[in-house]
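Quick notes on the structure that follows.
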Amino acid sequence: MRIVFRPTSPTLTALMLGSALALSACNSSGPLDWDLRSRDSTTDAARQATANRPSADQRGIISYPDYQVAIAQRGDTVASVAARIGIPPAELASNNALQATDPLRQGEVLLLPRRVAAAAPGGFGAPSAPVDVSAIATTALDRLGPSPTTAAPIANGSEPVRHKVARGETAFTIARTYNVSAKALAEWNGLGADLGVREGQTLIIPVANGPAPVLEPVVTQPGSGSPTPEPPSAKTPLPDEKITPAAQKPKETPASPDLGADRTKASSAKFVMPVQGNIIRAYAKKKNEGIDIAASAGAPVKAAAGGTIAAITKDTDQVPIVVIRHAEGLLTVYAGLDGLKINKGDPVSAGQTIGVVRQANPSFVHFEVRRGVESLDPSGFLQ
């Protein structure tokens with residue numbers, strides 16, 4: 001048999017030769033290390049189990065004994081975070097290798113250049129006329145005190161290590177350096193889907209729940225092969241299972257209810273309308289932080305969802321303002337009420353009457369939905 005070598009172009013030959021030399025160099029000290037881990041274990045079992053990142057306070061700040069970080073919200077820029085926590089934008093940007101106008105991902109971590117004071121509870125002043133219900137409601141929220149998501153200073157023993165990213169480092173190499181998973185590193189620092197990091201960025205290293213497990217090597221004699229683990233079924237056989245054919249219904253199976261027929265407008269919404277009426281003023285960020293709903297004086301005002309009465313205060317006209325705390329860090333605010341039927345700390349259910357519409361010209365209820373002190377459009381929760 002004759003082997004024929006077909007000529008190739010000089011360029012292709014050079015590329016093939018270069019590839020062969022590169023692979024040979026990589027294999028000079030052992031098998032090719034495709035994930036560049038220098039033959040370290042790549043199993044999840046070899047990495048430390050890490051805790052969840054602590055929750056931030058209402059301004060998005062997590063306080064550690066030696067430093068603080070700020071957590072970006074949706075739509076934030078470096079400048080907006082700086083304004084919220086009271087630090088010059090240029091100073092915050094420089095400390096994080098960013099520009100003041102750079103947009104941030106939701107959950108992204110910024111290292112503060114210096115400590116800032118904790119959010120202090122506010123008091124009630126007498127605002128100038130006309131009365132800004134939204135501002136008063138916000139002040140009422142400040143008086144709620146720490147919410148369930150407010151973070152207390154972290155104990156010294158669990159303070160995360162800070163790592164400043166050097167040129168050429170990646171999230172994977174940094175995670176391996178500290179023996180944590182890249183996924184945990186990304187979650188703690190709000191990294192993007194590509195796990196990209198930038199030179200000069202400061203990352204906080206996830207705190208381990210415990211030491212990494214020690215994997216005992218299995219030593220076998222040459223030529224004997226690797227031991228095969230015993231399957232679980234070999235120890236305890238599974239019991240015989242009687243399987244009903246898919247086409248055959250079990251006996252005494254009740255008819256499936258038609259949930260669509262019983263679905264009402266109220267049950268299809270996340271929140272119920274606090275009062276029945278037309279919306280006479282729509283939500284407008286920083287102008288009207290909620291909606292105004294026209295209603296007849298004396299009409300019942302209902303809790304939009306189940307929760308706890310977190311605060312009851314009054315505006316300068318002594319008109320009650322009610323704040324209800326709900327799950328998922330949500331708050332609802334009700335103004336323009338009279339004849340309250342609840343007290344601070346009372347649990348309420350969705351649709352429960354909390355008061356009646358106050359007599360006014362016109363009579364209406366002002367309704368807000370907030371996450372912390374950030375207002376949200378109520379219409380998205382009522383539809």
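Since this is a predicted model, take the numbers as computed values, not measurements.
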[X] and [Y]: side-chain donor and acceptor closer than 3.5 Å?
| X | Y | value |
| --- | --- | --- |
| T332 | H326 | yes |
| H366 | Y334 | no |
| S63 | Q68 | yes |

The side-chain contact (heavy atoms from CB on, under 4.5 Å) partner of K341 among V348, I354, V301, T353 is T353
Are any side-chain N or O atoms of [X] and backbone N or O atoms of [Y], one a donor and one an acceptor, separated by less than 3.5 Å?
| X | Y | answer |
| --- | --- | --- |
| E169 | A166 | yes |
| S363 | Q359 | no |
| R371 | L330 | no |
| N189 | A186 | no |
| Q201 | N96 | no |
| N95 | L92 | no |

Shortest non-hydrogen contact from [X] to [Y]?
| X | Y | value |
| --- | --- | --- |
| P89 | A82 | CA-CB, 3.6 Å |
| A304 | A350 | O-CB, 4.2 Å |
| A171 | L191 | CB-CD1, 4.2 Å |

Derivation and outcome, side chain to side chain contact (heavy atoms under 4.5 Å, CB included), residues I321 and I312: CA-CA 6 Å; I321 298 174; I312 299 176; over 6 Å; no
Could you walk me through whether N288 and Y283 satisfy the side chain to side chain contact (heavy atoms under 4.5 Å, CB included) test, starting with their C-alpha distance in whole Å, then the side-chain angles of each, then the deciding distance to 0.1 Å, before giving a yes or no? CA-CA 5 Å; N288 185 38; Y283 172 84; 5.6 Å; no
Got a second to check how far [X]'s [atom1] is from [Y]'s [atom2], nearest 0.5 Å?
| X | Y | atom1 | atom2 | answer |
| --- | --- | --- | --- | --- |
| T202 | L110 | OG1 | CG | 10.0 Å |
| Y67 | I62 | OH | CD1 | 9.0 Å |
| R162 | L203 | CZ | CG | 12.5 Å |

Under-4.0 Å salt bridge between [X] and [Y]:
| X | Y | value |
| --- | --- | --- |
| E199 | K164 | no |
| E374 | R370 | no |
| D377 | K285 | no |
| E328 | K270 | yes |

Could you tell me if the side chain of [Y] sits less than 4.5 Å from the side chain of [X], heavy atoms only?
| X | Y | result |
| --- | --- | --- |
| D102 | T77 | no |
| I293 | M273 | yes |
| Y64 | P54 | yes |
| L331 | V369 | no |
| Q73 | V81 | no |

Apply side chain to side chain contact (heavy atoms under 4.5 Å, CB included) to L195 and F172, showing your working. CA-CA 8 Å; L195 301 185; F172 294 99; 3.5 Å; yes
For [X], does the [atom1] atom have more than 12 heavy-atom neighbours from other residues, nucleotides or ligands under 6.0 Å away?
| X | atom1 | value |
| --- | --- | --- |
| E91 | CD | yes |
| N278 | CG | no |
| R198 | CZ | yes |

I would like to know whether E108 and D76 meet side chain to side chain contact (heavy atoms under 4.5 Å, CB included); could you show each step before the answer? CA-CA 10 Å; E108 187 168 351; D76 262 338; over 6 Å; no
